[in-house]
2 protein chains.
Amino acid sequence: MVKPKRLSRSCVLRLELYLEIIEQFQKEGRQYVTSSDIGSALGIAPGNVRQDLFGLGSAGRPKVGYEVTRLIALIRDLFDLDREKPACIIGFGNLGRALAGSNMWSRGGYKLAAIFDNDPSIVGTDFAGLRVRSIAEIFGVIKTQGIEMAVITVPASAAQEVADIVQNAGVKAIWNFVPVRLNMPETVAVENQSLAWGLITLSHRTRPAQ
Amino acid sequence: MVKPKRLSRSCVLRLELYLEIIEQFQKEGRQYVTSSDIGSALGIAPGNVRQDLFGLGSAGRPKVGYEVTRLIALIRDLFDLDREKPACIIGFGNLGRALAGSNMWSRGGYKLAAIFDNDPSIVGTDFAGLRVRSIAEIFGVIKTQGIEMAVITVPASAAQEVADIVQNAGVKAIWNFVPVRLNMPETVAVENQSLAWGLITLSHRTRPAQ
DNA sequence: TAGATTGTTAATCGATTAACAATC
DNA sequence: TAGATTGTTAATCGATTAACAATC
């Protein structure tokens, strides 16, 4: 189950879609799916699907298709979704709260393990069994709980400072919702989730003809 | 200022980054930027920057660089950011509230013009001068206010139904935060913002070596 | 002038699509 | 068997990178 070749970002994106749709097929009770089943559900050419799965080390059977359980296991393994990785949220405003309450954590193989904020009126309150902690505790809690990922939803002025702290504490990944380019070593995986991008893209795509 | 050629998604993404960084340069008082300035700030090859700007119909001056104000105007025009387009949010839970309060609207050239929810305890309350309206009013309000874009943050079970309504009302774009594939005609631009994707990507990128 | 930087073409690289033999 | 579907190679397409003459 070694996977030496680096997958392109677009291939990763497709595989995420495949997983989603295949799990849906599974819910419907199907045991096998074909590349056309997957492709037509997603608007992707079946050959493209086959080649992606081929790179994954698939094992489809001509005329039958791919075994659903095996395919799901392969993709979940590739994405490391079955290991519950501790994560934290830093910045517990509206967005932090929304993310904390979302069901995305388990889908991504993470577990929300700590929440931090620097507002004294929030620190100490409870959310889903977690006590909101002060910013000063970030380093220690990440270390002792082995937190691997930090979601950053603080004001722009504090983002780099917070990122430095979590990086020093040994976090491997940062999900950055702040519209600021974080300066981080290559060892930390940073995913920028600038919300304005989605809007700008839509604005572009619906721009009136001139 | 006609732009016949279709830009690739990655090119659009880069141009969004350029805009961001160029506006930052502008704040610092600079009048000209070179392709290397932009490229090195973003980790993109300067030749790539030049080619993108070339496709935009740029007008740089050898040895001097590109005029900041002109470049900003070109990109903002391309993305149609200077026309304030009315938008609405449907589903006013934590996420809807977080998005409503974000400063992304003006950056994307939109203006939050209406909020909808079906919870009677929320309908009628105020948020930033807007009265939260009931789901039943969606069609009429979109029509009368000329709303062009709808942000959908409702439960998964209601997403398709809501999308159908806004599409019938004439919305041109949907920003879908629900992890559900919406069935929409090609005339509607749909941007899926599945939050789990960011997590899965990070999980993949930090997967322990095997 | 000399040096820096653009505009733009050509070369490379990678990803997608087409195709079809292998196989169940 | 015949037909459907995979595995896998080759062809195409597009995007990135390299390169360099033009120019300020």
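Values reported hereafter were calculated over all heavy atoms of this structure, with side chains retained and with hydrogens, waters and symmetry mates removed.
Taking 4.5 Å as the limit, every side-chain heavy atom of Ile90(B) sits out of range of all side-chain heavy atoms of Asp117(B). Between Leu17(B) and Arg181(A) the shortest side-chain heavy-atom distance falls below 4.5 Å. Looking only at side-chain heavy atoms (C-beta outward), Lys172(A) and Lys85(A) stay at 4.5 Å or farther from each other. A heavy-atom distance below 4.5 Å is found between the side chains of Trp175(B) and Leu195(A). Using a 4.5 Å cut-off on side-chain heavy atoms (C-beta onward), Leu202(A) and Tyr110(B) make contact.
Rounded to whole angstrom, the span from the OH atom of Tyr66(B) across to the P atom of dC24(D) amounts to 14 Å. Rounded to whole Å, atom C1' of dG7(D) lies 11 Å from atom CG of Leu53(A). One interatomic measurement links the two molecules: CG of Leu71(A) to C1' of dT6(D), which rounds to 13 Å at whole-angstrom precision. Straight-line distance from the OH atom of Tyr32(A) to the P atom of dC24(C): 13 Å, rounded to whole Å. Distance CG (Asn48(B)) to C1' (dG14(D)): 13 Å, rounded to an integer number of Å. For Leu56(B) and dT6(C), the CG to P distance is 15 Å, given to the nearest whole Å.
Of the possible polar contacts, none joining the Ser36(A) side chain to the Pro46(A) backbone as a donor-acceptor pair under 3.5 Å is found. Judged by distance alone, the side chain of Arg97(B) and the main-chain N or O of Phe92(B) form a donor-acceptor pair under 3.5 Å.
With respect to the salt-bridge test (charged N to carboxylate O, under 4.0 angstrom), the residues Glu16(A) and Arg107(A) do not qualify.
Summary of the strand contacts: Ala59(B) and Asp52(A) both lie near DNA chain C, and taking for each the nucleotide with the nearest heavy atom, the more 5' one is attributed to Ala59(B). Comparing Thr34(B) and Ser8(A) along DNA chain C, the residue whose closest nucleotide (by nearest heavy atom) sits nearer the 5' end is Thr34(B).
Within 6.0 Å of the CD atom in Gln31(B), the count of heavy atoms belonging to other residues, nucleotides or ligands does not exceed 12.
Here the side chain of Ser35(B) is nearest to one of dT6(D), dT6(C), dT8(D), namely dT6(C). Closest approach to the Phe54(A) side chain among dT16(D), dT8(D), dG7(C) is made by dT8(D) (side chain taken as heavy atoms from C-beta onward).
Contact annotation: Arg14(A) reaches the phosphate of dT16(C) (side-chain N/O to OP1 or OP2, under 4.0 Å). The phosphate of dG14(C) (OP1 or OP2) has no side-chain N or O of Ser10(A) nearer than 4.0 angstrom.
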Dot-bracket encoding per residue of DNA chain C, Watson-Crick/G-U cut-off under 3.5 Å, | denoting interstrand: ..||||||||||||||||||||||
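Nucleic acid contact class of Ser58(B) (heavy atoms, under 4.0 Å, all strands): sugar-phosphate only. At a threshold of 4.0 angstrom between heavy atoms, the contacts of Arg9(B) with the nucleic acid are absent.
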Under a 4.0 Å heavy-atom criterion, the protein footprint on nucleotides 18-23 of chain D, written with B, S and -, is -BB--B
